[in-house]
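A short write-up of the structure that comes next.
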Amino acid sequence: MHVCFRVQSRSQTTVRNVAGRFSLDQLLSDTASINDQIKNVIDLHREPWGTQVTAVEIKDITLVLQFGYAACWID
């Protein structure tokens with residue numbers, strides 16, 4: 001499997017897992033710390049591929065609103 005695909009796949013999964021631990025307010029206000037946490041997790045997995053992660057930056061957050069709407073309709 002191509003190393004770029006592996007790094008990208010691992011990065012996407014890690015972003016979802018780490019970002020999912022925080023509230024929206026935390027994601028927007030503490031991005032530097034969250035970026036560092038994401039980079040640290042990716043660094044744990046990248047060594048066998050001979051790559052190095054130099055920076056991680058969250059640029060855009062897309063909310064899935066369907067869950068919020070579903071919660072409104074629960075009796």
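Every value quoted in this text rests on a predicted model; they were computed, and no experiment measured them.
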*Asn35 side chain vs Ala55 backbone, donor-acceptor pair below 3.5 Å*: no
*If you round to the nearest 0.5 Å, how far is CD of Glu57 from CD1 of Ile38?*
11.0 Å
Can I get a per-line list of side-chain donor-acceptor pairs under 3.5 Å for residues 13-21, giving both atom names and the distance, sequence neighbours left out?
residue : atom : partner : partner atom : Å
Thr13   : OG1  : Ser9    : O            : 3.1
Thr14   : OG1  : Arg10   : O            : 2.8
Asn17   : ND2  : Thr13   : O            : 3.4

*Would you kindly confirm whether Leu44 and Ile34 end up in one hydrophobic cluster when ILVMFWY residues are joined by side chain heavy atoms under 4.5 Å apart?*
no
*asked:* So, using salt bridge (charged side-chain N to carboxylate O under 4.0 Å, His left out) as the criterion, who are the partners of Asp43 when residues are at least two apart?
replied: Lys39, Arg46
*asked:* Holding to side chain to side chain contact (heavy atoms under 4.5 Å, CB included), I want the full list of residues that pass it with Ser33, two or more places apart in sequence or in another chain.
replied: Asp30, Gln37
